[in-house]
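When reading the values below, keep in mind they use all heavy atoms of this one structure, side chains included, and skip hydrogens, waters and symmetry mates.
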Amino acid sequence: MLLTRQIEEKLTKEFAPLYLKIEDDSHRHINHGDYRAGGESHFTVTLVSKSFTNLSRLQRHQHVYACLQ
């Protein structure tokens, strides 16, 4: 779970989340691009942070993607 831990550390450092849940959904993407046996290729992240106040959904996504780049 190395990648999951890296994602958690980056998001925690950047956003000081009130709530953070990272789910490895790799098993649901077996026939999709970038799938890796063993997981850690596709994730669902639920993140609640005060830093998202007054941002649109798109802007929130952009901030998260920039953080994880």
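In this structure, the side chains of Leu20 and Thr46 stay at 4.5 Å or more apart for every pair of heavy atoms. The side-chain heavy atoms of Asp25 and Phe43, taken from C-beta on, include no pair separated by under 4.5 Å. The closest side-chain heavy-atom distance from Pro17 to Val48 is not below 4.5 Å. Residues Val64 and Phe52 form a side-chain contact, since some pair of their non-hydrogen atoms from C-beta on lies under 4.5 Å apart.
Expressed to the nearest 0.5 Å, how far NE2 of His61 lies from CG of Leu55 amounts to 12.5 Å. A distance of 10.0 Å separates CD1 of Ile7 from CG of Leu2, quoted to the nearest 0.5 Å. Expressed to the nearest 0.5 Å, how far OG of Ser49 lies from NE2 of His63 amounts to 10.5 Å.
In terms of heavy-atom proximity, Asn54 sits nearest to Gln59 at O-OE1, 4.3 Å. Nearest heavy atom pair, residue Gln69 against residue Lys10, reads O-NZ, 4.1 Å.
Using a distance-only test at 3.5 Å, with no hydrogens or angles considered, a donor-acceptor pair links the side chain of Thr53 to the main chain of Lys50.
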The test is side-chain contact (heavy atoms from CB on, under 4.5 Å); show your working for Cys67 and Leu11 and say whether it passes. CA-CA 7 Å; Cys67 174; Leu11 294 176; 4.1 Å; yes
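Taking hydrophobic clusters as Ile, Leu, Val, Met, Phe, Trp and Tyr residues chained together by side-chain heavy-atom distances below 4.5 Å, Leu3 shares a cluster with Val45. Both Phe15 and Leu68 belong to a single network of hydrophobic side chains, linked directly or stepwise wherever heavy atoms of I, L, V, M, F, W or Y lie under 4.5 Å apart.
We find that Glu9 and Arg5 are joined by a salt bridge, their nearest charged nitrogen and carboxylate oxygen being less than 4.0 Å apart.
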